[in-house]
Amino acid sequence: MFIEIADVLGKAELKLAQAVFRQEEGFQDGAQTAGRVARRVKKNEQAKAEGLAADFTALVEKRLVVHEVFRAAARPRGFIRVLLSRYRPGMAYGTHVDDAFMDGTRVDLSFTLFLSEPETYEGGELVIEEPGGERLVKLPAGSLVLYPSTTLHRVAEVTKGERRAAVGWVRSLVRGAEERETLFDLALALRQAETGGNEALINRLLKIQGSLLRRWGDD
Ligand code: NI
């Protein structure tokens with residue numbers, strides 16, 4: 001399941017992000033954190049995980065962990081890594097698949113949180129390969145796309161301006177993408193039942209949710 005979530009960050013937080021990206025000396029070659037194969041196709045720059053950049057990625061995690069839609073879609077057990085990346089003209093990240101494990105932890109979901117407005121740069125779409133073709137994603141600043149880490153994907157070359165983003169990897173309580181999608185649908189159904197105020201239906205759905213989480217969840 002792919003899901004786009006709007007307005008994860010507000011104006012003040014986006015301003016803070018821009019302050020991080022203004023620190024010229026705070027960035028390094030992104031190839032250092034790529035796997036062996038991905039390294040060959042990765043051409044971007046990443047913020048060193050210190051100072052303002054570390055504060056900002058901690059803030060991103062804090063916002064996401066309490067975000068209702070993100071929680072329902074990802075069932076996060078924890079964030080494995082959140083990085084700030086930038087692509088300037090000529091930079092791109094060729095087709096690759098994210099590592100199955102990072103720092104000894106299984107990687108289930110990947111996300112890109114866009115930090116610059118789409119009209120300020122050209123190219124730079126996140127391109128996700130699907131059986132039916134390619135899906136191109138370029139969202140407003142503060143919005144996020146979440147997708148299974150098992151997909152092949154790339155970042156198209158930036159030809160003008162600067163693409164800024166926070167990218168992250170999540171370990172989920174639920175290993176399988178299909179199971180996560182079922183639980184997401186169930187969460188939506190629960191939401192509707194709550195709006196309708198049908199107590200018996202809410203309890204029945206909560207019972208199903210509990211059973212599925214016990215069956216599909218790992219810790
Ligand atoms: Ni990737």
Side-chain angles (χ1 to χ4, degrees), residues 1-5 8-9 17 20-21 27-49 53 56-57 60-61 64 70 73-116 118 121 123-159 162-172 174-177 180-181:
M1 184 175 70
F2 296 80
I3 187 161
E4 295 178 4
I5 306 177
V8 169
L9 299 181
V20 178
F21 280 93
F27 284 76
Q28 60 195 3
D29 184 355
Q32 292 178 23
T33 55
R36 189 173 51 83
V37 177
R39 191 172 302 148
R40 292 203 296 267
V41 293
K42 185 175 183 185
K43 194 163 184 288
N44 69 2
E45 290 175 350
Q46 282 166 190
K48 295 174 195 160
F56 184 75
T57 55
V60 169
E61 292 183 16
L64 287 176
F70 182 84
R75 299 272 164 190
R77 178 173 182 262
F79 293 94
I80 301 166
R81 204 181 279 168
V82 178
L83 297 170
L84 301 177
S85 70
R86 70 178 179 201
Y87 293 76
R88 290 174 160 172
M91 293 184 181
Y93 195 162
T95 303
H96 66 281
V97 65
D98 292 343
D99 286 342
F101 283 83
M102 288 180 189
D103 307 329
T105 303
R106 192 185 72 224
V107 181
D108 296 311
L109 292 155
S110 306
F111 68 80
T112 297
L113 171 59
F114 290 81
L115 296 174
S116 38
Y121 61 100
E125 295 87 359
L126 173 66
V127 184
I128 298 168
E129 281 191 19
E130 295 186 280
E134 291 186 328
R135 173 194 294 253
L136 272 69
V137 188
K138 188 171 182 176
L139 300 178
S143 296
L144 166 151
V145 60
L146 177 72
Y147 56 99
S149 302
T150 48
T151 55
L152 280 169
H153 57 274
R154 64 188 169 89
V155 176
E157 184 178 326
V158 168
T159 54
E162 183 171 308
R163 177 201 200 261
R164 299 170 171 179
V167 291
W169 294 273
V170 179
R171 162 72 194 272
S172 177
V174 179
R175 179 191 291 250
R180 279 194 304 270
E181 184 165 348

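This structure is a prediction, so every number in the text was calculated from the model and none was measured. Positions are given from 1, in the same order as the sequence printed here. In listed order, ligands and their atoms are each counted from 1.
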Passing candidate, side-chain contact (heavy atoms from CB on, under 4.5 Å) with Phe2, options Leu146, Thr151, Val137: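 Per the side-chain contact (heavy atoms from CB on, under 4.5 Å) rule, the option paired with Phe2 is Thr151, out of Leu146, Thr151, Val137.
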
Neighbouring protein N, O or S atoms of the Ni ion (ligand 1) [cut-off: under 2.8 Å, no waters]: His96 NE2, Asp98 OD1, His153 NE2

Verdict with supporting geometry, Thr95 and Val41, side-chain contact (heavy atoms from CB on, under 4.5 Å): CA-CA 7 Å; Thr95 303; Val41 293; over 6 Å; no

Working for side-chain contact (heavy atoms from CB on, under 4.5 Å), residues Lys138 and Leu136: CA-CA 7 Å; Lys138 188 171 182 176; Leu136 272 69; over 6 Å; no

Side chain Thr112, main chain Ala165, donor-acceptor under 3.5 Å: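 No, Thr112 side chain to Ala165 backbone: no donor-acceptor pair under 3.5 Å.
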
Worked check of side-chain contact (heavy atoms from CB on, under 4.5 Å) between Val127 and Glu129: CA-CA 7 Å; Val127 184; Glu129 281 191 19; 5.7 Å; no

Chi angles and distances behind the side-chain contact (heavy atoms from CB on, under 4.5 Å) call for Glu45, Arg88: CA-CA 9 Å; Glu45 290 175 350; Arg88 290 174 160 172; 4.2 Å; yes

